[in-house]
Amino acid sequence: VNHLDLEERARAALEAGAYDYFAGGADDELTLADNVAAWSRLRLRPHVMRDVTVVSPATTVLGTDVSMPLLIAPTAFQRLAHDAGECATARAATRAGTVMVVSTFATRSLEDIAAAAPDHPLWFQLYVHTNRGWTENLVKRAADAGYRAIVLTVDVPVLGFRQRSESRSFTLPEGIAAANLTAAALPSVQKEGTRADGGEDAAGQFDPGLIPTDVEWLRAVADLPVVVKGILRGDDARLAVEAGADAVVVSNHGGRQLDTAITGVDALPEVVAAVGTDAEVYVDGGVRRGTDVVKALALGARAVLVGRPIVWGLACDGEQGVVDVLEALRAETARAMALCGAPTVAEITRDLVVA
Ligand SMILES: Cc1cc2nc3c(=O)[nH]c(=O)nc-3n(C[C@H](O)[C@H](O)[C@H](O)COP(=O)(O)O)c2cc1C
């Protein structure tokens, strides 16, 4: 599966407004483009004459075994891509042996998604609502349904300006809505014809006042590890870890929030240096190739997250489409590791990337 071909196929399969919702970024989409370009600027320094008879990209994230250092990023409104939506993605994650992060804006109930992937690691991505009681309820529901970590997204104090969706006035089709947000808490999201971006913003009801002590609060709400997603600086990463984060995701939200923000890969070394061994560090944005995964690990990430390619796989062929994307990325990662002379993830060292 070539990711560019796949995106074209998905584009043909999707309604134009849905494609633009998934594909688009903020403002002039400079960060969106930079996310892919930043990986391709990096050059590898492969070892040769290392025994790569047996290569395994398997690793662990927060103590959970995964078949590769690549997780499914939370993306909203997956039923815009395929009727089975997040349930199909969860089944694909199970088959490929990796973690899926389920968005607060999932279009299937978090219990149904968990039932689609019994005994399989799912993490729940959280936007904190100004109504903390409501948020606590949502987190407890996720814990009861068996989700194994909470991924707290911190880079949406306000919604970025998504030109493509704005100019189309894209609205959610009838029957597709954020299934886990009750009308009482978020009436604006549940109205028919809500703009998808308007849904994500939830009319400003998500708390723009989020601060590091909220990580401590979240840790107390449920006995689950907390991953803080959307960090681009070492000092912020340090604050998150000191507040109790078990992991951070270095991310600019797929170029959808602050345009001209630094890319995840460019911010990664600073965050890794600041966090040290106190927490796991993941990175996302523009990861499209196995070589990108190897570069991320060489720069100190434990794993990467992938967003849009998963959606394209879902749009093209549902569950099987997502499996195909994941298996292709795993095969590419294993091949890149072999060609770098690094048969295990522990052997992917800093010197493999040109400084
Ligand atoms: C259509 C779409 C919806 C997204 N929805 C969410 C979300 O609900 N919560 C969140 O934390 N991140 C969300 N993200 C950001 C992704 O989790 C991730 O950071 C980003 O997509 C990674 O970049 P990539 O798409 O280039 O792989 C979304 C991204 C896209 C493209």
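Whatever order the structure lists ligands and atoms in, that order sets their numbers, starting from 1. Residues: numbered from 1 along the sequence shown.
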> Would you check the N or O atoms of Q125, main chain and side chain alike, for any that come under 3.5 Å of an N or O of ligand 1?
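N/O-N/O distance under 3.5 Å: yes.
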> Residue-level breakdown please: for Q78 versus ligand 1, do any non-hydrogen atoms fall below 4.0 Å on the side chain, on the backbone, on both, or on neither?
neither
> Under 4.0 Å from ligand 1, counting heavy atoms only, is it the side chain of R308, its backbone, both or neither?
both
> Is the count of non-hydrogen atoms from other residues, nucleotides or ligands lying under 6.0 Å from D223 atom CG greater than 12?
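No.
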> Name the one of V228, L239, V241 that satisfies side chain to side chain contact (heavy atoms under 4.5 Å, CB included) with V215?
V228
> Can you figure out which of F105, Y127, F77 has its heavy atom closest to atom 7 (C) of ligand 1?
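Heavy atom nearest to atom 7 (C) of ligand 1 belongs to Y127.
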> Select the closest option to atom 16 (C) of ligand 1 among P74, G25, G307, judged by heavy-atom distance.
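The residue whose heavy atom sits nearest atom 16 (C) of ligand 1 is P74.
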> Would you mind running through ligand 1 and noting each atom that sits below 4.0 Å from a heavy atom of S251?
19 (O)
> Give a yes or no on whether D119 atom CG has more than 12 heavy-atom contacts from other residues, nucleotides or ligands under 6.0 Å away.
no
> Any heavy atom of N35 sitting closer than 4.0 Å to ligand 1?
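The answer is no: ligand 1 sits nowhere under 4.0 Å from a heavy atom of N35.
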> Pull out every atom of ligand 1 sitting under 4.0 Å from any heavy atom of T153, numbered as shown with elements.
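Those atoms are 10 (C), 11 (O).
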> Can you confirm, on distance only, whether ligand 1 has an N/O atom lying under 3.5 Å from any N/O atom belonging to R256?
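The answer is no, given that R256 and ligand 1 share no N or O pair closer than 3.5 Å.
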> Do R162 and F22 form a cation-pi contact, if we require the NZ or CZ to be under 6.0 Å from the six-membered ring centre and within 45 degrees of the ring's axis?
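That pair does not qualify as a cation-pi contact.
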> Can you see which heavy atom on R289 is nearest to which on N2, and at what distance?
NH2-ND2, 3.4 Å
